[in-house]
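Heads up, the thing below is written out as structure tokens.
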Number of protein chains: 2
Amino acid sequence: MPEYRDAQGRRLEDYPRPSVAVDTAVLTLESERGLCVILATSGLGPRLPGTFVHPGETLADAVTRSLLDKTGIQGLSPTQLHVFDNPNRDDRGWVLSVAHLDTVAPDRLRLDHSLAEIRPVDQLPSLPYDHEGVVARAVETLRAEYRRSPDPRHFLPDSFTLRELHDVHEAIAGASLGRDTFRRSMLSQLVDTGDRTSGIVGKPARIFSRSEDR
Amino acid sequence: MPEYRDAQGRRLEDYPRPSVAVDTAVLTLESERGLCVILATSGLGPRLPGTFVHPGETLADAVTRSLLDKTGIQGLSPTQLHVFDNPNRDDRGWVLSVAHLDTVAPDRLRLDHSLAEIRPVDQLPSLPYDHEGVVARAVETLRAEYRRSPDPRHFLPDSFTLRELHDVHEAIAGASLGRDTFRRSMLSQLVDTGDRTSGIVGKPARIFSRSEDR
DNA sequence: CAAATAGTGTCTTTTAGACACTATTCG
DNA sequence: CGAATAGTGTCTAAAAGACACTATTTG
């Protein structure tokens with residue numbers, strides 16, 4: 001690649017540049033405690049997992065790498081939320097941080113408990129930098145996604161009952177949702193597999209799957 | 001400030017860092033052509049106004065500076081849209097670009113026409129980098145804001161008639177909106193000033209103002 | 001059969017949309 | 001007065017919400 005120089009004969013590297021970090025709120029569901037976030041616990045007190053972005057990497061690459069290194073989990077589909085850009089937000093110098101949301105289904109969560117802990121989003125400890133704001137944005141973004149679509153983050157397996165989907169939605173919304181309206185709005189967005197549950201008390205439930213990849 | 005060093009005794013500046021740019025889709029309304037975007041026209045072909053972020057600046061500062069320098073307009077309230085982060089997106093090297101949306105009311109637009117032109121968002125020329133995607137995101141974001149609130153970007157002055165508001169919403173939506181439903185949904189979100197229009201044909205219209213700063 | 005859960009039918013309330021009709025101004 | 005625009009009243013259709021009732025399973 002021919003080296004670039006601007007009108008003053010200078011390269012990009014001759015101008016001051018910020019360090020760029022990523023910080024990620026990984027949200028998951030727990031049956032008892034509802035919507036939770038994963039916090040790294042590496043001596044300095046609880047915080048969101050993050051790292052500096054390396055050359056040749058995308059932001060999503062950096063998120064995935066930081067989650068593996070800092071919490072032992074396999075990242076999925078990081079979504080950008082916001083760039084925190086206060087020039088004085090980090091004592092170490094000029095650091096921009098790109099906040100992300102990621103999600104992991106409870107049954108796929110393999111967490112290294114020596115590195116991380118799981119906390120309900122409404123019972124957070126005090127977090128450094130802008131991390132409490134990141135969690136708030138992550139929760140609001142996830143709620144907006146689930147208002148539009150049955151299970152866009154695949155918290156459930158490929159097929160599931162309406163009851164299971166209802167429980168997921170209530171956990172994410174942090175509120176109860178009304179059986180009738182929920183059923184009607186979801187039926188039009190799901191595919192009936194024709195199968196039924198069996199082996200548990202009560203009338204067998206229809207088993208549905210997502211249409212396309214919603 | 002004591003100089004920061006990490007566990008390897010290195011400073012932040014010892015690690016590779018990207019250049020960080022901002023690019024902004026400034027949207028405005030024209031009575032005949034509807035929703036439009038401002039394009040810089042500086043010899044290299046039309047493109048969104050942008051600049052590299054300087055030390056000590058926020059991203060919003062950089063947006064404001066670039067708009068003044070490249071188009072002669074005074075920026076208002078830049079909103080972050082997305083970070084474009086493909087490591088190879090710029091020939092000059094590793095450059096992240098933070099896309100922004102800004103808006104300017106037609107009567108406050110003082111454009112330097114030797115530097116910039118105004119184009120309807122549905123009649124764009126071919127744009128470099130990710131700039132067509134930026135415009136698309138900007139338009140979608142603005143439309144979402146106006147679905148939720150009467151005039152969050154203050155395209156209209158402090159007081160206005162329902163007709164004027166209706167025209168703004170149709171221009172932004174790029175579609176006609178239905179007089180009755182529009183009226184009903186807006187009345188509950190506006191404050192009746194008690195004044196009426198006068199001097200124009202037809203029944204005088206009530207003049208409303210925004211409640212709070214919506 | 002009793003308890004538990006799934007699913008249906010139906011009624012009411014709310015909201016969206018259409019549209020005719022009235023009201024008030026200018027020229 | 002006629003053209004133009006603002007505002008109201010009312011009807012219908014669709015959606016949201018409540019709730020009783022039926023259906024089918026396990027233990």
Side-chain angles (χ1 to χ4, degrees), chain A residues 29 31-32 143-151 155-211 214, chain B residues 29 31-32 143-151 155-211 214:
Chain A
L29 294 177
S31 46
E32 333 77 43
R143 286 179 178 161
E145 290 179 6
Y146 273 77
R147 265 179 250 124
R148 286 191 357 205
S149 188
D151 187 26
F155 277 120
L156 291 170
D158 286 342
S159 63
F160 46 82
T161 65
L162 273 175
R163 142 84 77 153
E164 293 166 331
L165 188 62
H166 189 238
D167 290 347
V168 165
H169 277 250
E170 289 195 333
I172 290 172
S176 67
L177 284 181
R179 198 174 72 124
D180 300 314
T181 305
F182 182 80
R183 168 176 281 272
R184 270 190 295 227
S185 66
M186 288 301 158
L187 275 179
S188 60
Q189 305 179 62
L190 297 173
V191 177
D192 188 340
T193 63
D195 295 337
R196 308 286 173 110
T197 54
S198 67
I200 46 182
V201 287
K203 180 172 174 176
R206 285 176 210 263
I207 297 177
F208 297 90
S209 61
R210 283 172 283 267
S211 56
R214 292 306 160 87
Chain B
L29 293 177
S31 46
E32 334 76 44
R143 285 178 178 162
E145 290 179 5
Y146 274 76
R147 266 178 250 124
R148 287 192 354 206
S149 186
D151 187 26
F155 277 120
L156 291 170
D158 286 342
S159 64
F160 46 83
T161 65
L162 273 175
R163 143 83 79 154
E164 293 165 332
L165 188 62
H166 189 236
D167 290 345
V168 166
H169 276 251
E170 289 196 334
I172 290 172
S176 66
L177 285 182
R179 196 174 73 123
D180 300 314
T181 305
F182 182 80
R183 168 177 280 272
R184 271 190 295 227
S185 65
M186 287 302 157
L187 275 179
S188 59
Q189 305 179 62
L190 296 173
V191 176
D192 189 341
T193 63
D195 295 336
R196 308 285 173 111
T197 54
S198 66
I200 47 182
V201 287
K203 181 172 174 176
R206 285 177 210 262
I207 297 177
F208 297 90
S209 62
R210 284 172 282 267
S211 55
R214 291 305 159 91

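Everything numeric in this text was worked out from a predicted model, so none of it was measured. A note on names: the letters A, B, ... follow the listed sequences, proteins ahead of strands, and every chain is numbered from 1.
For A:Gly202 and B:Arg163, each mapped to the nucleotide of DNA chain D holding its nearest heavy atom, the one lying further toward the 5' end belongs to B:Arg163. Across the interface with DNA chain D, nearest-nucleotide mapping of A:Ser198 and B:Asp180 shows B:Asp180 to be the residue nearer the 5′ end. Where A:Pro204 and A:Arg184 meet DNA chain C, the nucleotide closest to each residue was compared, and A:Pro204 sits on the side nearer the 5' end.
A perpendicular orientation is assigned to the rings of A:Phe182 and A:His169, their planes being inclined by more than 60° (bins at 30° and 60°).
The distance between atom CZ of B:Arg179 and atom P of C:dA18, rounded to the nearest whole Å, is 12 Å. Taking atom CD1 on A:Ile207 and atom P on D:dT25, their separation rounds to 13 Å, with Å as the unit. Put simply, CG on B:Leu187 is 10 Å from C1' on D:dG7, counting in whole angstrom units. Regarding A:Phe182, its CZ atom lies at a distance of 12 Å from the P atom of C:dG7, rounded to whole Å. Regarding B:Met186, its CE atom lies at a distance of 14 Å from the C1' atom of C:dA16, rounded to whole Å. Straight-line distance from the CG atom of A:Leu165 to the P atom of C:dG7: 13 Å, rounded to whole Å. Here D:dA3 presents its C1' atom at 16 Å from NZ of B:Lys203, a figure rounded to the nearest Å.
Between D:dA4, D:dA6, D:dA16, one nucleotide has an atom nearer to the side chain of B:Arg183 than all others, and that is D:dA6.
B:Arg196 comes within contact range of no nucleotide atom at all, as no heavy-atom separation falls under 4.0 Å. Among the atoms of the strands shown, only primed sugar atoms or phosphate atoms (P, OP1, OP2) are found under 4.0 Å from some heavy atom of A:Arg206.
Minimum heavy-atom separation, B:Ile172 to B:Arg143: O-NE, 2.8 Å.
Counting heavy atoms of neighbouring residues, nucleotides and ligands inside a 6.0 Å radius, atom CG of B:Asp158 does not exceed 12 of them.
With hydrogens and angles ignored, the 3.5 Å screen pairs a side-chain donor or acceptor of B:Glu164 with a backbone N or O of B:Thr161.
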